[in-house]
Protein chains: 2
Amino acid sequence: MRKKITLKQIARELDVSISTVSKALKNSKEISADTIQKVQAFAKLYNYRPNNIALSLKNRKTNTIGIIIPEIVHHFFSKVIRGVELVANKRGYNVIIGLSNESFSKEVINMEMLANGSIDGFILSMSKETLLQQDYHHYNETMNQGMPIVMFDRVVSEIKCDKVIVDDFNGAKNAVQKLISNNCEHIALITTKDYVSVGRLRTQGYLEALEENKITPQAELILKMDDTLDYEVHLEKLEDEIEQLFNAHKEIDGVFAVNELYALSAMKVARRMGLNVPNDIQVIGFTDGVLSKHSTPSLTTVSQHAQLMGERAADLLIDKIEKEFEAEEEQFQTIVINTELVERESTK
Amino acid sequence: MRKKITLKQIARELDVSISTVSKALKNSKEISADTIQKVQAFAKLYNYRPNNIALSLKNRKTNTIGIIIPEIVHHFFSKVIRGVELVANKRGYNVIIGLSNESFSKEVINMEMLANGSIDGFILSMSKETLLQQDYHHYNETMNQGMPIVMFDRVVSEIKCDKVIVDDFNGAKNAVQKLISNNCEHIALITTKDYVSVGRLRTQGYLEALEENKITPQAELILKMDDTLDYEVHLEKLEDEIEQLFNAHKEIDGVFAVNELYALSAMKVARRMGLNVPNDIQVIGFTDGVLSKHSTPSLTTVSQHAQLMGERAADLLIDKIEKEFEAEEEQFQTIVINTELVERESTK
DNA sequence: AGAAGTCACGAAAACGTTTGCGTGTTAAAA
DNA sequence: TTTTAACACGCAAACGTTTTCGTGACTTCT
C-alpha cells in the first residue's frame, strides 16, 4: 500500500525542484522536453494527482457547494439533490449535504460547519422550525461573509438572496380549476397550517380558483392539519379528520390536497366510505412523489419539477460564485418554476 | 460585507504574532491572561472561525466522508444516506455525495474527484454497470492509496474491504416460509437477472424455503426481469409478463417479489384479473420503500433497515479512519443486517 | 571576444493553520 | 549581585500547491 504521492516526492526522486515538476506536469515551455517527458512518465507511473485540499487553500476556492435540506428521505428533496448534483458535476463541482431534520439548531450547526471554508456557496431550503421561529440571522451572517446562498421551495421574503420557487399559487389554482371544469361543485381543501409559505400560497390558489368561478368558498370545507406532529399519529388523525369532513359534507365531490399523502388519505377514506374515485369524488394532490403514480387509482397531481429546481438552483449559485469578482452591486433573482398538471385516474 | 477573518488579520490588528493569536484562542498557558482576553474578545467580535481547508491540509485529514450511490431518488439509498449523515455528524464528520447513476464511468470519475484529498474514506454501493463489467480496479487503487472503503448492499467477494449487507438469503427465505405457513402452495417468484448479488441471494432464499417444505420448485413460476431497461417500458413489460404468468398458472396463490415495484405490480395485475389480495393470492415484497405502506391493500414486506445500514457503515468507516495509525495487518469485517418481516394487508 | 539574449531550472512566497523551540524580560533564589 | 527560573511571546517549519521572479550556463550576434 503506497500512499498518495506528492510533488515533493517526485521532485526528490527525480532530483529536480518542486517547481520544475509542477511546471513539467503542465507542459510549461519553461521546461525542456526531456524533463517534461521524464516527469510525466514518473507521475503517471505513480498515478500522481494534485491534492485538492492544497489547491483549495491556494485558490481560496473549494469547487464544492453545500446543500442543506430538512429531510432527505423525501422524494421532492432527493430529486432536487439529483438536479443539483447533475449540474454541479457537469460544471466541476462537488456536492456536500447537510440535513437539518426540520430543526433550527441543526440547520445553524450544519451551516456553520460548512461555512468555514469547506464550500463556495449554499443551496438550501428552510426547516419548518426556522420558518416558525422566523430567526434568519444565520443566513444573513453567512451572506455577509461573502458566501452566496440560493434558497429553494421554502423561502421567505425577508431574506435577500437568489431563489428558486415553485409557482404554488397557479399550480393550486389550475388544479382546482381542473376540478371545477370536471363539474365538481363542492371542493374540499386539505392543507397544513399557514406558517409554511408554500401551504399558504396553495390555499390562496384554491380560493382564487373558486372565486373566479363564482363559487363561494366555505370555511368548513377547508381542513388545516398540524403537520408538526409525529408521523404515525399524524396519519391516523388525518384520516379521522378527513372522515369527519366527508361525513359532515356529503356533497363534497372534489378534493384538492397540498401534498401526496393527504390526497392519498382522502382517497383511502373515500373508498372506505364506499365512494368511487373518480366517479363520486375526484382528487388532486400536489407533489412530485412516487406514491401518486403507483396508487390505485393513480393520483392526478401538480408536478413541481423538483429536479429542474435543483438544476436551476445549482446554475444560479455557480454563476454567482464564478463571477464573484465583479463586485457590482448585488443583484438577486427569483426563478419561478412552472408546475404541470399530471392527469391520472383520480380525475375524470 | 466583511470577508472571513484570519489569524493573520487578527494578529496584525492586535499587533501580536500569529502564533500568539492561535495560542490565545486555545487558552494556552503560554499566553498571558491579558492577551488571551484581548484576542478572544476581538475574535468573537469579528466572528473568527478557523479555516477548515487549512486545517485539513495541516492535519492531512478532512473529517469528511464520501458516499457514492447509484441513485438518490430511491428510498433505500436516501435512507442509507440519512443513517450515514446521522452518525457522521455526531462524530464530527461531513458527508459529500456522488451519484454514479448506475454507470461505471461516472462511478470512476466521481471516486477520482473525491479521492484526491477531499475525503478521508468512502462508503459506497456498486453501480449495476460495474457489477456487470466486473471491473473493480478503481476500488483497489483507491484502497492501495490508503483510503478506506466500506461497501454496502451491493457487494462482491472479490473486493477485500469492510462491508455492510442485508441478510438477503434469510430475508427471502423467511418471507417465503411465511407464505407457505399461510397455506400457499404455488408460490411465484418475481426477480431480476442474476448479476446483482442481492437478487441471486433472494432467489436462493426462495428456493431454500420451498425445499425445506418439500415443495418442488418449478422454473415456470420464476419470472426473471431484465431491469436494465428504461423505467417506463420496463413497468409495462413487467405487468405483461406477470399477467402471462398468472394466466398460465391459475394455481398461483402466493407471490414473492424481490422489490417493492414488482410486488405492487403483481397486486395490480391480480386485481385486474379479479383476484382478491390476500384471499386469492398473497404477496410479499422486499424493500424499505414508501409504496408498501400506502398501497391498497398495504404490502407485507421484508424490511432492510436501510438507515441502520447507513449508520453501521459510517461507524465502521470512521472507526477505521481513526485508528488508521495502528497499521496492524488489515482486518476486514462484514456486518450482516437482519431483515424484518413487516406484516401488512397483502398476507393473511 | 564581449554583449546580449535564450534556455532551463530553482528559490521563495502565498494560501491559513498548529506547534516545538528559541529568546528577551522580569522575578525569585543563592 | 549574580545565577536561575518562570513567563510571555515570536520564529519558523510544515501541510501541497502554483506562480513570479531570479540566475547560471549556453548560444548567438556584432
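Numbers restart at 1 for each chain; the letters A, B, ... are given by sequence-line order, proteins then strands. Quick note: numbers below take in every heavy atom, side chains included, and nothing from hydrogens, waters or symmetry partners.
A straight line from NZ of K58(A) to P of dT20(D) spans 9 Å, rounded to a whole angstrom. For the pair E30(B) CD and dC11(D) P, the computed distance is 14 Å after rounding to whole Å. Taking atom CZ of R60(B) as the reference point, atom C1' of dA13(D) lies 13 Å away to the nearest angstrom. Here the C1' atom of nucleotide dT17(D) and the CG atom of L25(A) are 12 Å apart, to the nearest Å. Residue N59(A) contributes atom CG, which lies 12 Å from atom P of dC15(C) at whole-angstrom precision. Following rounding to the nearest Å, I18(B) (CD1) and dC15(C) (C1') show an atom-to-atom distance of 11 Å. At whole-Å resolution of the value, CG in L7(B) and P in dA14(D) are 20 Å apart. Distance CD (Q145(A)) to C1' (dG16(C)): 15 Å, rounded to an integer number of Å.
A perpendicular orientation is assigned to the rings of F152(B) and F77(B), their planes being inclined by more than 60° (bins at 30° and 60°).
Counted by atom type alone, E107(A) and Y139(A) present one or more donor-acceptor pairs between their side chains at under 3.5 Å.
Between the side chain of K23(A) and the base of dG10(C) there is at least one donor-acceptor pair of N/O atoms closer than 3.5 Å. At a cut-off of 3.5 angstrom, counting only N and O atoms as typed in the model, there is a donor on one side and an acceptor on the other between the side-chain of S19(A) and the base of dA11(C).
Comparing atom distances between the K26(B) side chain and each of dG16(D), dC15(C), dT19(C) picks out dT19(C) as nearest. In the set dG10(C), dG16(D), dT17(D), the nucleotide with an atom closest to the side chain of S17(A) is dG10(C). Considering only side-chain atoms of S32(B), the nucleotide from dT17(D), dC9(D), dC15(D) that sits closest is dC9(D).
Between N51(A) and A33(B), it is A33(B) whose nearest contact on DNA chain D lies nearer the 5' terminus.
For the OP1/OP2 pair of dC15(C) and a distance below 4.0 Å, the side-chain nitrogens and oxygens of K8(B) include at least one atom meeting the criterion.
Checked for salt-bridge contact, E102(B) and R154(B) meet the test: a charged N lies under 4.0 Å from a carboxylate O. Looking at D319(B) and R91(B), a side-chain N of the basic residue comes within less than 4.0 Å of a carboxylate O on the acidic one, giving a salt bridge.
S22(A) comes within 4.0 angstrom of a nucleotide base, judged by non-hydrogen atoms across all strands. Using a 4.0 Å heavy-atom distance criterion, L55(B) is classed as a sugar-phosphate-only contact. S56(A) comes within 4.0 angstrom of nothing in the nucleic acid, heavy atoms only. Backbone-only contact: T6(B) has heavy atoms under 4.0 Å from sugar-phosphate atoms and none from a base.
Looking only at distances, no side-chain donor or acceptor of Q145(B) sits under 3.5 Å from a matching main-chain atom of K4(A).
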